[in-house]
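Right, one structure below, let's go through it.
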Amino acid sequence: MFLFIKFILIFGVFITSTFIGYTLANRYKTRVAELHDLLFALEIFETKIKYTYDSLTTSFLYIADNLKTKVYRIFYVTAEEIRENKNDSAGECFKRVVDGEKIFLALNNEDIEILKELGVSLGQTDMEGQVKNIKLVYNSLKAQLENAKEEKNKNFKMYRNMGMLCGLIIIIIML
């Protein structure tokens, strides 16, 4: 009976440490996917501004419908905030939503700060000014994407394997 309980505990420790390793490794993978989605969203937004003349609310809802990661929440919630809150500017709503949604995303602080730059001229400048701001944010996020890919290539396997290795080390110590 004692041997069975010990075996269950050892198995539980191994599974837990492996899960922690995979979770940490997955943040790198998720960040790359979210940055891809943000770049795609900015492309859609630029096209919407240039050619359709839709409102920000309509554009943001369209963008949210076409994204695959949790990044869609930024655009969906911002559209709802703009619709409900007539006193604040669209840029203020966007920045507030980005701050509120960052805990659900794998983006780092630098990514968030760059994204909040999009809110600087949102709805306050002419079409050319907004397109220039979108391109500036797009180029900055593209550089962040390259950094994220490098970090993923460097750290993904390490964290994944480190979880299993730590589990094995703990098992050896327990034996």
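If you're wondering where the values come from, they're calculated on a predicted model, not measured in any experiment.
To the nearest 0.5 angstrom, I10 atom CD1 is 12.0 Å from I5 atom CD1.
Annotation: side chain of K68 is in contact with side chain of D37 (closest heavy-atom distance under 4.5 Å). Residues E117 and E113 fail the side-chain proximity criterion, which asks for heavy atoms closer than 4.5 Å.
Under the side-chain contact (heavy atoms from CB on, under 4.5 Å) rule, V32 has a single partner from Q144, K152, R27, which is K152.
Taking the six-membered ring for Trp and thresholds of 30 and 60 degrees, F11 and F7 have nearly parallel ring planes, at less than 30 degrees apart.
Few gaps surround CZ on F156; more than 12 heavy atoms of other groups in view lie less than 6.0 Å from it. For E128, the CD atom sits in a loose shell: 12 or fewer heavy atoms of surrounding residues, nucleotides or ligands are nearer than 6.0 Å. Remark: L3 CG is loosely packed, at most 12 non-hydrogen atoms of other residues, nucleotides or ligands lying under 6.0 Å away.
A cation-pi arrangement, defined by a distance under 6.0 Å to the six-membered ring centre and an angle within 45 degrees of its axis, is absent between K116 and F94.
Nearest heavy atoms, N66 versus Y62: ND2-O, 2.7 Å.
Residues that satisfy the side-chain hydrogen bond (donor to acceptor under 3.5 Å, both in side chains) test with Y28, not counting sequence neighbours, are N155.
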For residues 158-175, tabulate all N or O donor-acceptor pairs below 3.5 Å that involve a side-chain atom, not counting sequence neighbours.
{"unit_1": "N161", "atom_1": "ND2", "unit_2": "K157", "atom_2": "O", "d": "3.2"}

